[in-house]
2 protein chains.
Amino acid sequence: MLGYSTNMSLTRTRARRATINDVADAAGLSRGTVSRVVNGEKYVSDEARHAVEDAIARVGYVRNSAARNLVKQESRAIGLIIHEPHSLLFEDPNIGSILLGANEVLSKADYQLVSLIIDSDRDSRRVADYLRGGLVDGAVIISARASDPIAAAIAEIGLPAAFVGHPDGTPELPYAAIDNEEAARAITSRLLGTGRKRVGMIASALDRDSGKDRLSGFRAAMGGQFDPGLVVEYPLYTYAAGFDGMQELLRRAPDIDGVFAASDAVAAGAMTALQEAGRRVPEDVGVVGFDDSSWALRCRPQLSTVRQPADLLGSAAAELVLAQLNGLPGTPRVLETEIQWRESA
Amino acid sequence: MLGYSTNMSLTRTRARRATINDVADAAGLSRGTVSRVVNGEKYVSDEARHAVEDAIARVGYVRNSAARNLVKQESRAIGLIIHEPHSLLFEDPNIGSILLGANEVLSKADYQLVSLIIDSDRDSRRVADYLRGGLVDGAVIISARASDPIAAAIAEIGLPAAFVGHPDGTPELPYAAIDNEEAARAITSRLLGTGRKRVGMIASALDRDSGKDRLSGFRAAMGGQFDPGLVVEYPLYTYAAGFDGMQELLRRAPDIDGVFAASDAVAAGAMTALQEAGRRVPEDVGVVGFDDSSWALRCRPQLSTVRQPADLLGSAAAELVLAQLNGLPGTPRVLETEIQWRESA
DNA sequence: CGATTTTCTGTGAACGTTCCCAGAGACAGC
DNA sequence: GCTGTCTCTGGGAACGTTCACAGAAAATCG
């Protein structure tokens, strides 16, 4: 006990934080009363309230969340797990929209959104520990790949959670998604409707549900005309994939006159490759994309694409988590997409 | 005590989590021994270790972080505060790079990076509470504006922290930054060196140190030729700002033959506006940008710009926080930039 | 004015860990 | 066989809250 009072030791560089007891002493009241003031409960006299508020300011008290979370058995925080390869975190504007959409919903419900990014196996383990440790009350998982270990860890401990997207091979969790297959089918049909005869696809991210489903949709729309030689595949939804992919398609089929790119970034890359190869868009080759991200308006000519409501996906997933927190079922939601027909086809 | 054993009440829908005491009981050992096993300490017999590991698996124990944080008085988490307007979160690839850079450093030091985004006043308050509550041991603040309330809150409680960038009007905290002014001066001089006579600037984000300093650098380089009429200002570093800004500049000075855009996104917008106005880049008008983001290579012609090492800014800021956590001073770091001269000027 | 309700305050217990100390046992050295 | 070191285990105390309960004081009621 002696060592404690002479608080000049170098072992603890930061000053000891004031606790609720310090406030109580300073105000000449009890712990309980201070707690009631801090939490804005009723049954505390004006006199006491002011004394406590005064004391709080004087000693510089701020509540210790760890202690509170421990006794309340909740954190009022929701984790959002971003599991993306480097390049996509820079290029994919959807992620930002999803984030903001989720944040808006959670913020209104007075939950703190904490984003955790996974960029290595070490991260993966640490994030799993973080989620399991009770530091969040729920989780939103974006861009999970088939059989993601994080998703398994979440399911195992029964943490309320929801996916953005609908990867298969993952545990049974609710999700907010769009129907990628149907949307891809629709825009490919529309492209065919402009009279194109040789239509190819630059497919991406086939390890994700979105990538896989967009390819199936394309195949469905092409029906008997489907030619596997006119599909090229790349691992990521990037501008570079579009650029390289288009060059490859031109090599394979110089007479190609239509392309469905798996995302807007891919489409932008493809358009650059086409223009450098001297093809006019849309006169010689029609190009369509997917996402209706900021890329679409930036392209010249402006891109015809599928509008996907990324912010709504984020907020819907957040709502699914909140529903579970309130003991409700949390049934999957499929949001509507819409074709944005502009100039590129 | 009676009520506790019959654990069928509906008030608590999720099953009670196993605690360290449950594990101890199941293993026929004490709390202390279980704790030692969980934390991988020495002085525990092989026999005991196996018994505990067995028991942990059997009861499905996972450590409660709130309790641990409370007694250890640390969380081993670092907050990263993103305070950006909507549009930038989508368009600015630097943010992703900074995030990954910081994450890499912290991950190696076994700290969990948690990103907190601020998108409203409500968020601002909640995030401040989160930081103050002891849920993080330190913070990295990116894109703070002059006199940011969050920065003030952090300084007030003495949380180890660092800025990315160097806003003034903010509390004395270490930072990792580049010399925006000098870099802007350098690239403007280089642009002038190509023989341009009428050079303007599309300035952005003057409420931020980066925006302000880039403008000063431009002015310094222009010296006596500086014409305030050839500077247009926009609030955000966006493609749209570049597009609109360039149109405005062309209106004000049809004979303009050089432009310094405050960022690559701005430059990309400017180039589109120029091309739509029938000007050739770089023959009629030279364009330079700032960032060397993925925009730069995407532009046609490719953009001459200032390369700024966004990932290193993130990692340097993270290192500054770690240094403070280890009781070291944490002195500001200014990182080198480099001109990437390509085709647009 | 006594009985009842309402308002207000204080305190013990609990949340689930880690830390520290005491003590038991094994083993070595002389 | 005594002393000393090393290995291992158990349990009390503390971390800083919230909660439930008890009881005092004040207000209301019949």
Side-chain angles (χ1 to χ4, degrees), chain A residues 1-5 7 11-12 14 16-52 55-56 59-76 129 132-135, chain B residues 1-4 11-12 14 16-52 55-56 59-76 129 132-135:
Chain A
M1 275 301 147
L2 237 85
Y4 270 60
S5 34
N7 204 350
T11 53
R12 199 172 279 258
R14 280 171 65 195
R16 195 180 70 87
R17 288 173 49 158
T19 76
I20 205 172
N21 287 307
D22 298 333
V23 176
D25 289 353
L29 288 163
S30 77
R31 217 178 28 183
T33 306
V34 177
S35 177
R36 278 183 284 266
V37 171
V38 169
N39 293 302
E41 287 170 26
K42 46 190 269 191
Y43 294 147
V44 31
S45 65
D46 283 355
E47 191 189 9
R49 185 180 308 280
H50 288 131
V52 168
I56 285 176
V59 305
Y61 169 74
V62 8
R63 174 165 65 197
N64 181 314
S65 299
R68 168 172 238 243
N69 292 351
L70 176 58
V71 52
K72 298 208 76 163
Q73 300 279 64
E74 67 162 13
S75 65
R76 297 210 73 83
D129 283 350
R132 282 198 292 234
L135 262 21
Chain B
M1 277 300 146
L2 238 82
Y4 271 61
T11 53
R12 198 172 279 260
R14 279 172 67 195
R16 194 181 71 88
R17 286 173 51 156
T19 77
I20 205 173
N21 287 308
D22 298 332
V23 177
D25 290 352
L29 287 162
S30 78
R31 215 178 31 182
T33 304
V34 175
S35 178
R36 277 184 285 268
V37 170
V38 168
N39 293 300
E41 286 170 27
K42 46 188 271 190
Y43 293 147
V44 29
S45 65
D46 283 357
E47 192 190 8
R49 184 179 309 279
H50 287 132
V52 168
I56 286 177
V59 305
Y61 169 72
V62 10
R63 174 164 66 196
N64 181 314
S65 299
R68 169 172 237 244
N69 292 351
L70 175 58
V71 52
K72 299 209 76 163
Q73 299 279 66
E74 66 162 15
S75 65
R76 295 209 75 82
D129 284 350
R132 283 198 294 235
L135 263 21

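Each chain gets a letter, A, B and so on, in the order the sequences are listed, and its residues count up from 1. Just so we're clear, the structure is a prediction, and the values are computed from it rather than from any experiment. Only this structure's heavy atoms are used, side chains among them; waters, hydrogens and symmetry mates stay out.
Atom pair A:R36:CZ and C:dT9:P shows a separation of 7 Å (rounding to whole Å applied). Rounded to a whole Å, the CD1 atom of A:I20 is 14 Å from the P atom of C:dT11. Whole-Å rounding puts the B:N64 CG to C:dA14 P distance at 17 Å. Rounded to an integer number of Å, the gap from A:L29 CG to C:dT7 P is 19 Å. In this structure, CD of B:E47 is placed 14 Å from C1' of D:dT7, rounded to the nearest angstrom. Atoms CG (A:N21) and P (D:dC15) sit 9 Å apart, rounded to a whole Å. As a whole-Å value, the separation of A:N69 CG from D:dC15 P is 19 Å. As rounded to whole Å, 16 Å separates atom P of C:dT17 from atom CD of B:E74.
The side chain of B:S45 places an N or O atom within less than 4.0 Å of a non-bridging phosphate oxygen (OP1 or OP2) of D:dT9. OP1 or OP2 of C:dG10 lies within a sub-4.0 Å distance of a side-chain N or O belonging to A:S30. For D:dG16, the OP1/OP2 oxygens have a side-chain nitrogen or oxygen of B:Q73 closer than 4.0 Å. When the side-chain nitrogen and oxygen atoms of A:R68 are compared with OP1 and OP2 of D:dT18, one or more of them lie within a distance under 4.0 Å. For the OP1/OP2 pair of D:dT18 and a distance below 4.0 Å, the side-chain nitrogens and oxygens of A:S35 include at least one atom meeting the criterion. A:T33 has a side-chain polar atom (N or O) that falls below the 4.0 Å cut-off from OP1 or OP2 of C:dG10. In terms of phosphate contacts, B:Y43 brings no side-chain nitrogen or oxygen within less than 4.0 Å of OP1 or OP2 of C:dA26.
Between B:D46 and B:V71, it is B:D46 whose nearest contact on DNA chain D lies nearer the 5' terminus. Closest-nucleotide positions on DNA chain D for A:E41 and B:R49 were compared, and the one nearer the 5' end corresponds to B:R49. Looking at which nucleotide of DNA chain C each of A:G28 and B:G32 is closest to, the 5′-most match is held by A:G28.
Under the 4.5 Å side-chain criterion, counting only non-hydrogen atoms from C-beta, A:R68 is in contact with A:N39. Residues A:T19 and A:R31 are not in side-chain contact: their nearest non-hydrogen atoms beyond the backbone lie 4.5 Å or more apart.
Contacts of B:N39 with the nucleic acid, taken as non-hydrogen atoms under 4.0 Å apart, involve only primed sugar atoms and P, OP1 or OP2. Within 4.0 Å of A:R63, counting heavy atoms only, lie sugar-phosphate atoms of the nucleic acid but no base atom. Within 4.0 Å (heavy atoms only), B:A66 reaches no atom of the nucleic acid at all.
By the 6.0 Å contact criterion, CD on A:E41 is enclosed, its count of non-hydrogen atoms from other residues, nucleotides or ligands being greater than 12.
Separation of atoms OG1 (A:T33) and OH (A:Y43) is listed at 14.5 Å; rounding is to 0.5 Å. In this structure, the separation between CZ on A:R63 and CG on B:D129 is 7.5 Å, given to the nearest 0.5 Å.
Relative to the side chain of B:K72, the nucleotides D:dT9, C:dT18, C:dG10 differ in distance, and C:dT18 lies closest.
Side-chain N or O atoms of B:S75 include none that pairs as donor or acceptor with a backbone N or O of B:N69 at under 3.5 Å.
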